[in-house]
Amino acid sequence: MTPSAPAKNGDISFWMADLGHVPVSEPLATDTEADVVIVGAGYTGLWTAYYLAERDPSLSIVVLEQHRVGYGASGRNGGWLTNTITGGHDAYAAKHGIESVRAFQHELNATVDEVLAVCVREGIDAEATKGGSLLVARNEAQRRRIAKYVDHAEKWPEEGVVELSAAESRARVNVAETRGGLWQPHCARIHPAKLALGLADAVRRRGVRIYENTRVTDIVEGEARTEQGTVRARHVLRATEGFTTRLPGKKRDWLPLNSSMIITEPLTDDMWAEIGWQGFETLEDLSHVYAYAQRTPDGRIAIGGRGTPYHWASRFDADGLTDESTWSSLSALVREWFPVIGDVGVAHTWSGVLGVPRNWRATVQYDTATGLGAAGGYVGTGVTATNLAGRTLADLVTGSDTAITRLPWVGQRTRKWEPEPLRWVATQVIYGAYRYADRAEFHGLNRTSGIARIADFISGR
């Protein structure tokens, strides 16, 4: 059955469209001054402003946003508030030691609850449900990877990870062809745009000035320059994630990787009785080119995946338009996982970009001499990490030596991505290899494909 076209394509995301009309603040009108200027009104920038205002209410803080609050990944993501260390544990441990990385994991575990606590404290209705995260194996190679996940979780520790039989996994969420599963408690599903807009309201109540429709053209020591004027500040912090490549001199710093999503129309009660999913766990398969999903409170399934991961010369469509091959493959996948949904339509499809450093590890940076700082490179796992990054930047700016300012991602740097055509060719080869490995595993290979291992090595993951 050929899936019908989505009712809406692009227009930022379903999450943003779901909010209806949201007033946009005035752009910057002229040169101004502040103690701190933050470039980017996504989660990183907003959390940084929130904790700076909390730590020192006397600070004058300005946030500059080229479009509107939550326009980037913060308003388009899969709604996973989870505890993942981007880029994995081992590479950090090789440089900083095991105990440092364990401390990092503990902080991310706790950060899930910190975000939920702020939502309660600030009256942010992010539709949060802490149901944990379920990873499902749908072939033998994937099932064998579960044991490695469990051993890994016990080492670092991620705390509370449970290996599930096929029956136990399907009792939680009835995914077709389930061979086994793994559940971890440190995850909540959220409505991404409601979190972003609610957080913006919270920082405005603390006196932070947010200027939307204000594109920053350059960042230098003491200044964030825009088309409308310059903001001069002692501290200039960049929180631009996938849009970083559009700043001067940043073209090869991070790769803007595309991720795409669809969301269905609401399912019937009979369909949900067959599927289950009563705990609102976030859901992921164990493919190399993995997909991620959530059940929404109004009975829809939102599912995402890489689709067309990278465009030549780091180009991307800012409005979220998604090509037919991507949305049709996601539509087919959700029906493969849940055959009972039949011809339920797709309400919306969209895409967004996430920032990928060359070593696939996120970072928080701050230079006390220049006052320049930055955070990002979350590789798609930033809903939680942005909060920890914001708290860390706030401590660094205010000169506080805390446990989180000593975590291994602070000051972590990586080399630039290769120039074109190497960057484009490498991305196509790597994702082609992952897709080949997934096909081989689904067609009987009962162990992790060696092709996938080679792709991991080439990519630096």
Side-chain angles (χ1 to χ4, degrees), residues 28 30-56 58-66 95-96 203 208-211 214-254 355 357-359 361-378 382 385-386 388-417:
L28 182 71
T30 187
D31 293 351
T32 191
E33 294 186 357
D35 296 311
V36 183
V37 58
I38 299 168
V39 181
Y43 293 150
T44 299
L46 294 171
W47 282 124
T48 302
Y50 180 84
Y51 288 107
L52 277 170
E54 183 179 74
R55 283 160 177 56
D56 186 353
S58 70
L59 288 174
S60 170
I61 304 168
V62 166
V63 179
L64 302 175
E65 167 56 43
Q66 67 171 333
K95 183 175 182 180
H96 300 278
V203 302
V208 174
R209 291 173 284 165
I210 300 177
Y211 296 102
T214 302
R215 187 173 76 88
V216 172
T217 57
D218 201 6
I219 296 171
V220 298
E221 181 179 344
E223 294 183 353
R225 297 168 181 170
T226 83
E227 296 168 331
Q228 294 100 319
T230 295
V231 179
R232 296 179 178 84
R234 169 69 183 90
H235 312 280
V236 184
L237 309 178
R238 176 174 55 78
T240 48
E241 193 55 3
F243 289 82
T244 299
T245 57
R246 296 189 170 181
L247 289 168
K250 300 294 183 182
K251 188 78 170 181
R252 291 168 50 204
D253 281 17
W254 291 344
R358 187 62 183 86
N359 62 3
R361 296 198 293 275
T363 185
V364 179
Q365 300 173 8
Y366 180 73
D367 185 336
T368 55
T370 63
L372 293 172
Y378 308 111
T386 50
L388 181 56
R391 283 187 282 139
T392 305
L393 276 174
D395 283 351
L396 292 169
V397 167
T398 55
S400 303
D401 180 13
T402 64
I404 62 175
T405 64
R406 296 189 293 273
L407 291 176
W409 67 341
V410 176
Q412 190 267 141
R413 297 181 183 276
T414 185
R415 72 181 192 272
K416 293 180 180 292
W417 282 89

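We're numbering straight along the sequence, starting at 1. Values reported hereafter were calculated over all heavy atoms of this structure, with side chains retained and with hydrogens, waters and symmetry mates removed. Predicted model only: the values in this text are computed from it and were never measured.
Looking only at side-chain heavy atoms (C-beta outward), Y366 and H235 come within less than 4.5 Å of each other. For the pair T414/R361, no side-chain contact is recorded, criterion being any heavy-atom separation below 4.5 Å from C-beta on. Residues T240 and V216 are not in side-chain contact: their nearest non-hydrogen atoms beyond the backbone lie 4.5 Å or more apart. Looking at heavy atoms from C-beta onward, Y211 lies out of side-chain contact with V231 at the 4.5 angstrom threshold. The closest side-chain heavy-atom distance from R406 to H96 is not below 4.5 Å. Put simply, the side chain of V63 does not reach to within 4.5 Å of the side chain of V203, judged on heavy atoms. Side-chain contact between R234 and D35 is absent, with no heavy atoms from C-beta onward closer than 4.5 Å. Within the 4.5 Å cutoff, side-chain heavy atoms of L396 are placed close to those of V410.
Heavy-atom minimum distance, L52 versus V36: CD1-CG1, 3.9 Å. Taking all atoms of both residues into account, the shortest heavy-atom contact from L64 to A224 is CD1-CB, 4.0 Å. Contact record, T48 with G390: OG1-CA, 3.3 Å, taken as the closest heavy-atom pair. Across all their heavy atoms, G377 and E241 have their closest contact at N-OE1, 2.8 Å. Summarising the geometry of A53 relative to I61, their closest heavy-atom pair is N-CD1, 3.8 Å, with the distance given to 0.1 Å. Counting all heavy atoms, side chain and backbone alike, G371 lies closest to L237 at O-CD2, 4.4 Å.
Taking the ring centre of W417 as origin, the terminal cationic atom of R252 falls outside the region bounded by 6.0 Å and 45° from the ring axis.
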Problem - Worked verdict on D56 versus T398 for side-chain hydrogen bond (donor to acceptor under 3.5 Å, both in side chains) - result: CA-CA 8 Å; D56 186 353; T398 55; over 6 Å; no
Exercise for the section: Please step through side-chain contact (heavy atoms from CB on, under 4.5 Å) for the pair W254 and T363, ending with a clear verdict. Expected result: CA-CA 11 Å; W254 291 344; T363 185; 4.2 Å; yes
Exercise for the section: Take R55 and D395 through the test side-chain contact (heavy atoms from CB on, under 4.5 Å) and record every step on the way to the result. Expected result: CA-CA 8 Å; R55 283 160 177 56; D395 283 351; 2.6 Å; yes
Problem - Full working for side-chain contact (heavy atoms from CB on, under 4.5 Å) between R209 and T32 - result: CA-CA 11 Å; R209 291 173 284 165; T32 191; 3.5 Å; yes
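Remark: R246 CZ to T217 OG1 distance equals 14.5 Å, nearest 0.5 Å. Distance check: I219 CD1 to T226 OG1 gives 11.5 Å after rounding to the nearest 0.5 Å. Once rounded to the nearest 0.5 Å, the distance linking OG1 of T245 with NZ of K251 reads 6.0 Å. Interatomic distance, L388 CG to W409 CH2, rounded to the nearest 0.5 Å: 4.5 Å. We find the CD-CG distance between E54 and L59 to be 12.5 Å, quoted to the nearest 0.5 Å.
Under 3.5 Å, the side chains of T244 and D253 contain no donor-acceptor pair of N or O atoms. Side chains of Y378 and T44: a donor on one and an acceptor on the other come within 3.5 Å.
Checked against R215 for a side chain to side chain donor-acceptor pair (under 3.5 Å), the options Q66, E227, E65 give a single hit: E227. The only member of R415, R413, Q412 that meets side chain to side chain donor-acceptor pair (under 3.5 Å) when paired with N359 is Q412.
Side-chain N or O atoms of T405 include none that pairs as donor or acceptor with a backbone N or O of D401 at under 3.5 Å. Side chain of S400 to backbone of T402: no donor-acceptor contact under 3.5 angstrom is found. Side chain of D31 to main chain of T230: a donor-acceptor pair is present (N/O by atom type, distance under 3.5 Å, no hydrogens or angles).
By the 30° and 60° cut-offs, the orientation of the rings of W47 relative to Y51 is parallel.
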